Amino acid sequence: MENKNKLLLIDGSSVAFRAFFALYQQIDRFIAPSGLHTNAIYGFHLMLTNLMERIQPTHVLIAFDAGKTTFRTAMFEDYKGGRSKTPDEFREQIPFIKEMIDKLGLAHYQLVDYEADDIIGTLDKMAEAPDVSFDVTIVTGDKDMIQLVDGNTTVEISKKGVAEFEAWTPEYLKDKMGLTPTQFIDLKALMGDASDNYPGVTKVGEKTALNLLHEWGSLEQLYDHVDELKKSKMKEHLIADRKMAFLSQKLATINVSSPIEIGLEDTIYRGPKVEELLAFYDEMGFAQFKQKLGGQLEKSGDDHPVAVKKVAYQVVVSADEIKVKPDDFFYLEILGGNYHKEEVIGFAWGNENEHFVSKNLSLLTAFDFPENTYDFKKNRVLLNRLGIKLPLAKFDAMLAKYLISTTEDNRISTISKLYADASLKSDEEIYGKGAKLAVPDDAELFGTLAQKIHTLAVSKEKMIAALEENEQLSLLTAMELPLSEVLAKMEITGIAVNKATLETIGRENETRLSALTEEIYALAGEEFNINSPKQLGVILFEKLNLPHGKKTKTGYSTAVDVLENLAVTSDVVAKILEYRQVSKVQSTYVKGLIPQIASDGKIHTRYVQDLTQTGRLSSVEPNLQNIPVRLNEGRKIRKAFIPSEHATLLSSDYSQVELRVLAHVAKDPNLIAAFKADADIHTSTAMRVFNIASANEVSANDRRQAKAVNFGISYGETEYGLAKRLGIPNKEAAEIISTYFERYPEVAHYIENTKREAKDKGYVSTMFNRRRKLLDINSRNFNIRNAAERQAINAPIQGSAGDILKIAMINLDRALETQHLNAKLLLQVHDEIILDVPNDELDQVKALVRETMEQAVELTVPLKVDENIGATWYEAK
DNA sequence: GGCATCACG
DNA sequence: ACGTACGTGATGCCC
């Protein structure tokens with residue numbers, strides 16, 4: 001099924017005028033910081049976004065009148081004469097409307113001697129040519145263009161405000177006036193047009209003109225038989241004004257063969273130029289549009305339908321046809337995301353001009369893989385299953401895009417919108433989603449693959465330029481790319497899991513859950529679904545009348561912190577908490593993990609390398625970065641994770657890495673001193689904040705509070721948050737925080753400077769130039785802005801810490817290789833790595849890991865590593 | 001598919 | 001006066 005192209009043609013001059021008057025009442029509310037009136041600009045934008053949303057065009061052109069004189073004034077001097085002067089407040093906004101149109105990624109055009117109508121009529125005709133055949137919507141403020149309606153063309157005329165339009169189709173025109181589109185011209189010829197200032201026939205208005213046309217069919221027919229009319233004033237006028245009638249007919253006729261210098265290909269909608277648009281909104285003072293654009297991008301990456309476009313390709317069947325250039329791109333396609341399980345459905349390679357596609361996997365065994373790709377890690381893991389080992393790519397477009405901006409996703413369709421011609425359909429459109437996921441026919445599959453190669457090739461230079469501009473090139477080549485190889489190996493290796501252990505835990509849990517269920521039902525006096533927060537809320541807060549704390553959007557909150565307060569006095573709540581704990585372990589970690597054990601007895605997670613806002617990894621299908629550890633109840637799950645034969649699990653984690661990074665980036669002397677002295681950091685903070693002279697006078701409670709402060713600081717925590725966490729009055733929390741900043745003044749400066757930097761530049765950076773954009777940092781909304789400020793404070797800390805472990809992993813992988821050790825990296829959990837170490841390598845590897853992690857980068861404070869070993873992950877902690 | 005909940009660093 | 005920590009993923013419920 002092929003989508004049809006949709007062309008939206010807008011009479012910019014008339015729509016802008018409409019927009020100006022729609023918001024004229026409130027003109028004084030629409031003033032840019034520069035003093036410029038913006039009501040027409042704002043209204044025009046509103047109209048445009050409404051139209052774009054509703055019509056979803058693939059092509060758009062906004063036509064403007066070029067000037068006062070046109071070929072029509074040459075025919076009739078008074079054409080459009082007698083109009084009152086356009087207000088200055090309106091005229092001055094026109095250039096900005098055009099600028100805005102540019103930045104929205106839309107085309108505009110004007111042509112000397114012609115009106116917007118003529119440009120639109122000409123393009124409309126082009127769009128109806130049989131080989132293109134678009135659906136066309138014309139939007140305007142006056143009725144002249146109704147003559148253009150036909151089976152493919154609808155004319156929408158602005159009725160009221162910025163969103164109400166009357167849609168004219170041939171049927172509607174027939175219904176409403178009993179006319180055909182061509183007759184509409186004759187209508188104007190007879191009745192004239194007051195605003196365009198041509199008279200038509202004296203004393204003939206709409207009513208008379210319609211009657212005449214219904215009777216005679218056309219102006220020509222009417223005049224051919226004008227003598228047959230019975231004697232009347234009207235007949236005299238018709239005869240007297242014959243010349244004017246035919247002149248008016250000419251004036252009313254839109255020129256559909258105007259000498260325009262643009263074509264349909266110039267009107268393809270490729271989406272907004274986001275950065276420029278954001279700056280424009282600032283200039284105009286359009287806060288809501290800015291907000292909305294940011295939000296849209298975060299959500300969906302501005303999904304608009306795109307022009308149907310084909311890229312030529314060559315299907316390669318046999319090995320002797322393969323031609324690969326070293327700087328080609330290579331791309332592998334699978335359905336869905338799980339490359340541990342899914343089969344390759346096709347692959348492609350090539351460059352901007354040549355696109356080769358194939359489904360013949362055997363070709364890959366002797367393939368000369370080119371330097372550039374998209375998602376190297378996926379390729380590496382997939383091809384490993386086919387026994388093919390490919391060399392590390394030099395450029396990975398997915399990772400490059402991620403480094404440039406984390407605001408949108410990094411799909412090729414998004415890359416196409418940002419760096420190419422936006423002509424790529426989303427994978428969802430091609431392959432479907434969920435249950436409807438399917439391989440399309442060869443033509444569509446190959447066409448898509450070819451377009452992907454084309455998009456990647458076209459985008460590469462622009463992405464490299466952006467990386468250079470941001471000084472992020474080495475982040476790609478020396479960090480993310482080598483890491484992708486390390487992660488690929490870890491994913492391929494997988495971690496051995498003892499299914500029987502999980503099953504035993506599962507049986508125990510089932511027994512406990514049934515017992516708990518019975519007890520809860522008895523205490524509640526009825527049966528209900530304990531897993532339903534809604535039903536649970538009714539039981540606890542309506543039936544048992546327990547005091548309810550906070551509410552959620554949908555009802556009472558039954559979250560742990562609420563239930564914990566109630567559990568002190570309520571047996572049933574205590575049981576429910578216990579049930580929840582067991583149930584979580586059972587559903588997510590027993591029932592969830594067992595089916596994830598592959599036929600090799602291992603679990604192979606996938607690390608998502610292009611997702612987080614801070615540069616951390618994430619882990620999916622299954623997530624092995626959130627295996628329980630805090631409560632023994634869940635921690636037992638770790639007993640199922642085991643080393644290979646004659647090996648031991650080694651877990652090495654950075655001690656307080658984020659606080660050390662904070663000490664380093666903030667250059668705080670007191671924090672640095674504490675780490676240099678290898679002091680217990682929470683005790684040290686307690687001493688400074690609570691004025692305690694010696695470490696052994698610090699109580700457990702002092703340390704607990706200091707620990708909360710230490711963590712809270714790097715998240716930008718407020719006094720309210722700290723008070724709640726520690727269960728102390730707000731005032732006391734405020735006191736603690738202000739004392740903290742007195743004792744650690746450079747931390748206070750760091751926080752202020754980071755916020756300042758974020759507000760000035762719109763982004764913050766890690767020690768290694770990883771960026772996080774903060775679109776909301778200058779929001780006028782207190783909450784939104786504060787949230788962005790906290791993100792600004794945290795991102796460089798969390799991100800730098802993440803970068804440090806990435807560096808350590810790369811170095812460790814190399815060291816293991818050069819020292820010919822058989823130990824293998826298995827897992828990464830943000831500040832910790834887990835290795836499978838042959839027993840005879842244990843001492844050496846333990847030292848090597850420690851050394852590599854501690855020396856990954858040199859900070860003003862030492863990095864410290866703790867390690868644990870064990871015969872299961874449970875013990876190695 | 002959104003929401004609530006809870007697992008991790 | 002606002003309304004409360006940063007970053008994730010999986011599950012079950014319910015519309």
Side-chain angles (χ1 to χ4, degrees), chain A residues 406 433-434 528-537 550-563 576-577 579-593 595-596 605-608 611-631 633-635 637-638 653-658 662 708-726 730 733 737 764 772 774 779-799 801-802 805 827-833 877:
Chain A
T406 56
K433 64 169 173 176
F528 65 101
N529 186 344
I530 310 169
N531 288 320
S532 162
K534 195 177 163 191
Q535 295 182 33
L536 181 60
K550 58 184 178 185
K551 284 197 152 190
T552 63
K553 273 175 218 165
T554 45
Y556 307 105
S557 169
T558 65
V560 247
D561 52 333
V562 175
L563 296 195
I576 288 164
L577 281 170
Y579 176 94
R580 280 245 178 105
Q581 226 182 83
V582 180
S583 162
K584 175 76 179 181
V585 173
Q586 184 69 353
S587 65
T588 305
Y589 299 104
V590 176
K591 299 266 187 189
L593 286 181
Q596 300 279 4
T605 185
R606 276 153 46 223
Y607 290 101
V608 183
L611 183 136
T612 70
Q613 297 297 310
T614 54
R616 275 188 175 181
L617 302 174
S618 89
S619 158
V620 292
E621 283 189 282
N623 182 356
L624 292 184
Q625 289 182 320
N626 71 347
I627 302 301
V629 67
R630 289 169 195 168
L631 303 169
E633 198 50 58
R635 192 170 182 161
I637 291 291
R638 295 185 173 220
D653 67 286
Y654 278 121
S655 162
Q656 308 295 354
V657 64
E658 291 196 5
L662 175 64
V709 175
N710 277 335
F711 281 115
I713 290 300
S714 57
Y715 299 142
E717 189 179 45
T718 58
E719 61 191 59
Y720 182 95
L722 184 66
K724 200 161 156 252
R725 212 162 312 286
L726 292 178
N730 281 2
I737 291 176
V764 290
R772 177 175 188 172
L774 295 153
S779 166
R780 283 139 192 80
N781 179 311
F782 177 94
N783 290 321
I784 293 175
R785 186 178 65 248
N786 276 1
E789 287 177 1
R790 292 194 297 269
Q791 291 160 355
I793 295 164
N794 179 253
I797 301 171
Q798 187 183 114
L805 185 54
L827 303 174
Q828 190 257 33
V829 194
H830 309 306
D831 64 356
E832 166 189 28
I833 47 180
K877 186 74 193 186

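Here is how names work: the chains are called A, B, and so on, in the same order as the sequence lines, proteins then strands, and each is numbered from 1. Since the structure is predicted, the reported quantities are computational estimates derived from the model, not experimental observations.
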Take atom CG of A/Asn786 and atom C1' of C/dC6, then tell me their distance rounded to the nearest Å. 14 Å

Heavy atoms only, 4.0 Å cut-off, all strands: where does A/Ser557 land among base, sugar-phosphate and nothing? sugar-phosphate

So for A/Gln625 and B/dC8, does any side-chain atom that can act as donor or acceptor lie under 3.5 Å from a complementary atom in the base? no

Length of the CG-P vector between A/Asp561 and B/dA4, whole Å: 14 Å

Is the backbone of A/Ser779 close enough, under 3.5 Å, to the side chain of A/Arg785 for a donor and an acceptor to pair up by distance? yes

Thinking salt bridges, do A/Glu658 and A/Arg616 make one under a 4.0 Å N-O criterion? yes

Select base, sugar-phosphate, or nothing to describe what A/Gln613 touches, counting heavy atoms under 4.0 Å on all strands. sugar-phosphate

Atom OH of A/Tyr556 to atom C1' of B/dC3: distance rounded to whole Å? 18 Å

Between A/Ile833 (CD1) and B/dC8 (C1'), how many Å, whole number? 17 Å

When the distance from NZ of A/Lys724 to P of C/dG3 is rounded to whole Å, what number comes out? 14 Å

Where does DNA chain C form stems of at least three consecutive Watson-Crick or G-U wobble pairs, each pair having both distances below 3.5 Å? B:1-9 with C:6-14

Below the 4.0 Å mark, does B/dC6 have OP1 or OP2 next to a side-chain nitrogen or oxygen of A/Arg580? yes

To the nearest Å, how far apart are A/Arg790 CZ and C/dG7 P? 9 Å

What is the nucleic acid contact for A/Arg616, judged by heavy atoms within less than 4.0 Å: base, sugar-phosphate only, or nothing? base

Which residue in the set A/Asn626, A/Leu624, A/Val620 passes side chain to side chain contact (heavy atoms under 4.5 Å, CB included) when paired with A/Pro622? A/Leu624

Within this structure, what is the CD-CD1 distance for the pair A/Glu719 and A/Ile737, rounded to the nearest 0.5 Å? 6.5 Å

Expressed as a whole number of angstroms, how long is the span from A/Phe711:CZ to C/dG7:P? 17 Å

Once you apply a heavy-atom cut-off of 4.0 Å, does A/Arg785 come out as touching a base, just sugar-phosphate, or nothing? nothing

If you round to the nearest 0.5 Å, how far is OH of A/Tyr556 from CG of A/Leu536? 12.0 Å

Decide yes or no on side-chain contact (heavy atoms from CB on, under 4.5 Å) for A/Gln828 and A/Gln625, but give the supporting numbers first. CA-CA 7 Å; A/Gln828 190 257 33; A/Gln625 289 182 320; 3.0 Å; yes

If you look at every strand shown and take non-hydrogen atoms under 4.0 Å, does A/Ile627 touch a base, only sugar-phosphate, or nothing? sugar-phosphate

A/Thr588 side chain to A/Val585 backbone, donor-acceptor under 3.5 Å: no

Check the phosphate of C/dG7 against A/Gln791, side-chain N and O only, distance under 4.0 Å to OP1 or OP2. Yes or no? yes

Quantified in whole Å, what is the P atom distance between nucleotide B/dT5 and nucleotide C/dA5? 15 Å

A/Arg772 and A/Thr614, any side-chain heavy atoms less than 4.5 Å apart: yes

What does nucleotides 9-15 of chain C look like as a protein-contact string, B for base, S for sugar-phosphate only, - for none, at under 4.0 angstrom between heavy atoms? BBSSSSS

Any A/Thr558 side-chain nitrogen or oxygen under 4.0 Å from OP1 or OP2 of B/dT5: yes

Where the side chain of A/Gln613 meets the backbone of A/Thr406, is there a donor-acceptor pair that is under 3.5 Å apart? yes

Is A/Arg638 reaching over with its side chain to a backbone N or O of A/Ile627, donor-acceptor style, under 3.5 angstrom? yes

Report which part of the nucleic acid A/Ser583 touches: base, sugar-phosphate, or nothing (heavy-atom distance under 4.0 Å, all strands). nothing

Look at A/Arg630 and B/dG9 and indicate whether a side-chain polar atom (N or O) is within less than 4.0 Å of OP1 or OP2. yes

I'd like to know if the side chain of A/Asn730 reaches the main chain of A/Tyr720, judged simply by a donor and an acceptor atom lying under 3.5 Å from each other, with no hydrogens or angles considered. no

Taking only the P atom of each, what is the distance from C/dT4 to B/dC3 in whole angstrom? 16 Å

Which part of the nucleic acid, if any, lies within contact of A/Val560, taking any heavy atom under 4.0 Å across all strands shown: a base, the sugar-phosphate backbone alone, or nothing? sugar-phosphate

Could you state the atom-to-atom distance from CD of A/Gln798 to C1' of C/dA5 in whole Å? 11 Å

Using centres under 5.5 Å plus planes under 30 degrees as the test, is A/Phe782 stacked with C/dC2? no

